[in-house]
Amino acid sequence: MIRGLVEARAAPSFLLMNNIHTLILSRRIKEAAPEGRTISHATKRIGLRPSTNKEITACLVPICSLYGAAVTTVEGVGSIKTRIHPVQERLAKCHGTQCGFCSPGMVMSIYTLLRNHPEPTPEQITESLGGNLCRCTGYRPIVESGKTFCVESAVCQMKGSGKCCMDQEERSFSDKQEKICTKLYNEDEFQPLDPTQEPIFPPELIRMAEDPNKRRLVFQGERTTWITPVTLNDLLELKTNFPKAPLIMGNTTVGPSVKFSNKFHPVFISPLGLPDLYFVDSTDDGVTIGAGYSLAQLNDALQFIVSEQPKEKTKTYRALLKHLRTLAGAQIRNMATLGGHVVSRPNYSDLNPILAAGNAIINLISKEGERQIPLDGHFLERSPDASLKPEEVVLSVYIPHSPQWHFVSGLRMAQRQENASAIANAGMSVQFEEGTDRIKALQMFYGSVGPTVVSASQACQQLIGRQWDDQMLSDACRLVLDEIYIPPAAKGGMVEYRRTLIISLLFKFYLRVRQGLNKMNKLDNLFLYMGLPNLVTHIFPNIPEKFLSALEDFPIETPQGIQTFQCVDPSQPPQDPVGHPVMHQSAIKHATGEAVFVDDMPPIAQELFLAVVTSTRAHAKIISIDTSEALALPGVVDVITAEDVPGDNNHQGEIFYAQNEVICVGQIVCTVAADTYAHAKEAAKKVKIAYEDLEPRIITIEQALEHNSFLSVEKKIEQGNVEQAFKYVDQIIEGEVHVEGQEHFYMETQTILAIPQEEDKEMVLHLGTQFPTHVQVSGSLNVPRSRIACHMKRAGGAFGGKVTKPALLGAVCAVAANKTGRPIRFVLERGNDMLITAGRHPLFGKYKIGFMNNGVIKAADVEYYINGGCTPDESEMVIEFIVLKSENAYNIPNFRCRGRACKTNLPSNTAFRGFGFPQATVVVEAYITAVASQCNLPPEQVKEINMYKRTSETAYGQTFNPALLRRCWKECLEKSSFSARKQAAEEFNKNNYWKKRGLAVVPMKFTIGIPLTYYNQAAALVHIYLDGSVLVIHGGCEIGQGLHTKMIQVASRELNIPESYIHLPETSTITVPNAVFTAGSMGTDINGKAVQNACQILMARLQPVIRKNPKGTWEDWVAKAFEESISLSTTGYFKGYQTNMDWEKGKGNPYPYFVCGASCSEVEVDCLTGAHKLLRTDIFVDAAFSINPALDIGQVEGAFIQGMGLYTTEELKYSPEGVLYSRGPDDYKIPTVTEIPKEFYVTLVRSQNPIAIYSSKGLGEAAMFLGSSVLFAIYDAVTAARRERGLTKTFTLSSPATPELIRMTCVDQFTDLTILLATNGPFWLLPRP
């Protein structure tokens, strides 16, 4: 908690995040995405008391709004310096943190919930985490840590024993019986939660709030003034004097407009806390709610009203409550107000259409008096005669009760279920004439389909007096589509999909109303039985049972599951940590916010901030760069261009500062160094660059193929005689598959601190990277590598995005530091990070497959093309990996695969978890599924038929034993109950027309490492100090995967000392030079061998001392060794796995070993909207012997969820000119806690791998591809829908399977109607028998 903090010069433009950074020198509030309104996961939450505890997002809260507030950040919750809070402890011990960047936000979400609900339900835990994003863990352990505070047990119970039903189960596929474990932590270690020990609200602030003589507050900034009135009259007077001044309550609308759209307001008025705006007034006719109520308070008020009023009166309230559950996240709902939401009238509003459909009224007040305006179509469409006057203020909103024959509904569809703006939404209501289904009044309001919320008023008017039947629905769909026009170039695109949603949502409303009328039938029968008068005058038809599932949206449920792994051998010494689920060594520091990331480092004297100026053209000549206006701005020190690079401006094809020509949108042209980031950013906008466009401008793979534009030569592997085999098969199919790219979306954006030294042209760089050696781009400074020191403590996520890109950005930053002679802090904003650094390579695959009618594939000819972007980066290696791994688990006797990396005018794509495998194998599974369809066989049967069955050579000549592949496959099928569930899904599909379930199981043959031996080497440095403590340093980088934790486990075993004796500080080019990158799932493999080697050398030196005093302690032996002049320091080295690949012959042994696995997923698809729900996932991965099951399971779960995102919700959108549209969480949707499987089961399969340290395997990337089981389960569900509609079975479902793709592939009457508006005779929308 921040106590007694005084800011004498509080500026209206200052946000809480900035002030905490500067006032208390704490940079532990993380800004992973500054949009706030859509993502506030990585900011540390604050509480405002005494009335309630709220979590809000510091990147949107103006510091002036916090006068008299008590603010608690994660440091105030608990600290390693004092005591850690149970929330922090449990998040850490339940392994709910990996990179740690989002952990403070998770802590504050659960902490705030517990302050308000000390014994929460699992549903409340899930809801509290809804506004947070995590890219590492897959969310399951975070939820589990929260569930430990629930009254109900978080584990399954067996016969009341309190034990898990899976505990101590014997494996059924092991050569010998092995015990398995399912507990990754021990609840007995948790300290209890004691609510009485929480800090109280400061009494002095209570007295301040109750002061009857409070006066207007005024904060004067350089350009703006902040005024806080103390009475309603004071507010009205201010609004009269400053009619254009915005009212600031939650700052969720004005804040982003100022921050991202450069809106300027000279005066802000903040009536926050004004009692006249905070009230609920309930009458017999409806409820009036004060405009100051936050959306969270609105939710609470409506919940109470619903519980008190008869159900028929609360239809509008229940519709609002349903949408409030998924609107933004809890943090934004705590900040955004009802009045602000209503009056800002966002076109994507989920609430305003429902309020309009419910006939809500806005109560306004000004100095002139009060008046009311209806919240209707005129208001929402911003008609001048229906808007507020400049001097008016929203006082409250009146929402009437629903009459008996009035039906209200809210509907929406978004890219993901929660915390995402709607692609299309609607609020609809219908009023019937008493006792009939004849329409008396009808209203339909749609959001996200135009520049404002739009009303289908003309269509509604034409339907008055009609009966609520199928013919009315058919006419209504036509009328609405005629009235609501979405132009082809509409912002956000998806025009046909949005038009389809307009009538699909109307159909859902139609069914809901029919269901409501049916209930009136049943109620009428009850009245007749009781001798009461009739309610209805005729019988309303029932809804077909097959349509009932279309009525409800997918529920948000708390995930659960079991994690299974091998138990440690009972004979293993208790002190030996290897094989145990040891907590991440920095987990507690992650949870307390005390883990230091680069931007957490304190300011350095004379430090400058860097802002980038990037190209706005994809391919153009630079005519001129005018920096004069930028240099004239206050605080600006210099503008750095290519002319300022003292050495090479190009490293292996990567250009630091554009010179003469730009080759993509987002290429760095120059940078601005200034005393604050705000000054640097403002100056960057003033740099004027003149361009002359050049041809060709190549954006897509298809355009690259047309222009023969490539980054590398073709890579090829082949076995058998493909052409000959095609002559002797029963069938041949050909197809194409597109797999789009993916943004890394690490929580910590690229961050660099460059510090020039005073002597010898030395430069020190602090940054988060996977490859410190590569960042030593000494050529750019024209100095030897030995003069550049790179320090890497930890990174807030990486996933491949911090392998090569930090070298480019490090050079840019170092050149600026060199020119100015001052330290440079360079932190990319999320939008610039996404624009500049790119991500996973989009892939275009073509296949020709020859097979027999029994499903046996005899020949395959596959071509892959990836979009490499404008420079080489890692593209050649990625295409090599794609070609080498293109078989996946299948042994096709005649197989050919070719691949090339295309050169385009996009930012260069780079390494990403899985390194091409997740894209390439989608093509493989697609053609296997297509073969199954052609043969009328289940896909899993065709997969098993063609799977490797015995030890064989791969297409590139490496020996592969498939025993573990087949074991994982068999266990996955059996333990997931695949056959029974498949049958159940088929039965479900028979009984449901608009929702379908699908199951898919995918096998995996993955490889780790690099085909070049020198990329598999590693070194370590181990010191033993006189007190017995040990310092371990190695060349690997801690990016969240727990590498340092495993290295401590290795050293603990080898030195036979407790882990507490061992310290691992950082990775540095000073201590371990020439280290290779931490990637390819080989971090533990190679660095573990190096650490092991160093420890074994030291133990060998200590052996003579130990033999002389075998009963001595470790400290005794160390002291004696020192006395005998035995060196207690050494380096360790691992030469690397001996791998090779001869591309001329297409043969080699490119990888040290294989990692096999299988995944089964079941989904349910809403055919009307394209939404899907992941019901269950079972994963089986060959882990050999897991050094740390908690970390390995975390990697598997995190990779799976990241892969699921790749294949479903994550969609990058570019303009034809090469401009990236998806530059932040508003437009790019990674999975949230609501997207993970409802049931999530992960098993680490035990085996042997003698080549690796302790017989372990690298699991960091493998499960990424297993996320494709979700994609193919969706394919299975869509296939069922298409089959029922009489459509062709075989079709291509590319990746990602977004809601748009799913919906438009489920072709039906509604999709047809969006294209064809006129037919002969009635267009029946309901399927006819």
Side-chain angles (χ1 to χ4, degrees), residues 493 612-622 650 652-658 661-669 689 691 693-712 738-745 750 799-801 803-805 808-809 828 830-845 864-879 882 899-912 915-916 919 1206 1210-1224 1227-1228 1294-1296:
V612 291
V613 179
T614 57
S615 167
T616 58
R617 307 292 180 88
H619 190 196
K621 181 180 179 181
I622 299 175
N650 184 311
Q652 298 177 358
E654 304 301 316
I655 302 164
F656 304 140
Y657 286 90
E661 180 184 358
V662 292
I663 51 178
C664 71
V665 174
Q667 185 176 6
I668 296 175
V669 178
I689 304 173
Y691 298 102
D693 287 331
L694 298 174
E695 294 294 337
R697 181 181 63 206
I698 301 171
I699 306 301
T700 66
I701 292 174
E702 289 79 3
Q703 289 170 345
L705 295 178
E706 182 183 338
H707 288 87
N708 200 31
S709 177
F710 299 103
L711 289 166
S712 63
H738 287 269
V739 182
E740 299 304 326
Q742 185 180 25
E743 161 62 27
H744 297 95
F745 216 97
Q750 301 274 359
F799 317 114
V803 176
T804 61
K805 298 302 182 182
L808 165 66
L809 298 168
L828 282 183
R830 176 66 62 186
N832 280 333
D833 192 294
M834 294 181 71
L835 177 67
I836 295 168
T837 65
R840 186 183 297 279
H841 293 74
L843 177 143
F844 171 52
Y864 289 114
Y865 299 96
I866 60 172
N867 193 327
C870 58
T871 61
D873 202 276
E874 302 267 35
S875 293
E876 183 171 8
M877 188 179 292
V878 169
I879 200 65
I882 284 172
R900 292 196 78 174
C902 297
K903 183 177 181 180
T904 64
N905 294 115
L906 289 180
S908 292
N909 288 301
T910 188
F912 203 132
F915 214 70
Q919 303 101 293
L1206 164 68
E1210 298 183 37
E1211 186 175 22
L1212 289 166
K1213 293 186 176 182
Y1214 288 88
S1215 75
E1217 295 74 35
V1219 178
L1220 176 65
Y1221 289 144
S1222 317
R1223 294 196 200 179
D1227 309 302
Y1228 188 80
S1294 293
S1295 173

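One-based numbering along the sequence shown.
In this structure, the side-chain hydrogen bond (donor to acceptor under 3.5 Å, both in side chains) partners of E1211, at least two apart in sequence or on a different chain, are Q415.
In summary, K621 and D693 do not engage in a salt bridge, as defined by a charged side-chain N under 4.0 Å from a carboxylate O.
You'll find the side chain of Q742 stays beyond 4.5 Å of the side chain of L1212, heavy atoms only. Looking at heavy atoms from C-beta onward, N867 lies out of side-chain contact with C902 at the 4.5 angstrom threshold. The side-chain heavy atoms of S615 and I663, taken from C-beta on, include no pair separated by under 4.5 Å. At a threshold of 4.5 Å between non-hydrogen side-chain atoms, the residues I699 and T904 do not count as touching. Proximity of L808 to F656: side-chain heavy atoms (C-beta onward) are separated by under 4.5 Å at one or more points. Between T837 and Q750, the closest side-chain pair of non-hydrogen atoms falls below 4.5 Å. Counting heavy atoms from C-beta outward, P842 and Q919 have side chains that stay 4.5 Å or more apart. Under the 4.5 Å side-chain criterion, counting only non-hydrogen atoms from C-beta, D833 is in contact with E743.
Closest non-hydrogen pair, R1223 versus L835, comes out as NH1-CD2, 3.7 Å. Taking every heavy atom of both residues into account, Y691 and T616 meet most closely at CE1-OG1, 3.5 Å. Minimum interatomic distance between G741 and L1206 (heavy atoms only, all atoms of both residues): O-CD1, 4.1 Å. Across every non-hydrogen atom of E1217 and V665, the tightest pair is O-CG2, 4.1 Å. Listed here is the closest heavy atom pair of Y1221 and S1215: OH-CB, 3.1 Å. Among all heavy-atom pairs drawn from V669 and T614, the shortest one is CG2-C, 4.2 Å.
Atom OG in S709 sits 4.0 Å away from atom CD1 in I698 (nearest 0.5 Å).
For the pair R830 and Y1228, the cation-pi criterion (under 6.0 Å, within 45° of the ring axis) is not fulfilled. The cationic atom of R900 (NZ for Lys, CZ for Arg) lies less than 6.0 Å from the six-membered ring centre of F710 and within 45° of the ring axis.
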Residues L843, I882; criterion side-chain contact (heavy atoms from CB on, under 4.5 Å); working and verdict: CA-CA 10 Å; L843 177 143; I882 284 172; 3.8 Å; yes
Residue pair H619, V662: steps toward the side-chain contact (heavy atoms from CB on, under 4.5 Å) verdict: CA-CA 6 Å; H619 190 196; V662 292; over 6 Å; no
Step-by-step ring-ring contact (aromatic ring centres under 6.0 Å, His included) determination, H738 to F844: CA-CA 5 Å; H738 287 269; F844 171 52; 4.7 Å; yes
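Side-chain N/O atoms of H841 and E874 include no donor and acceptor closer than 3.5 Å.
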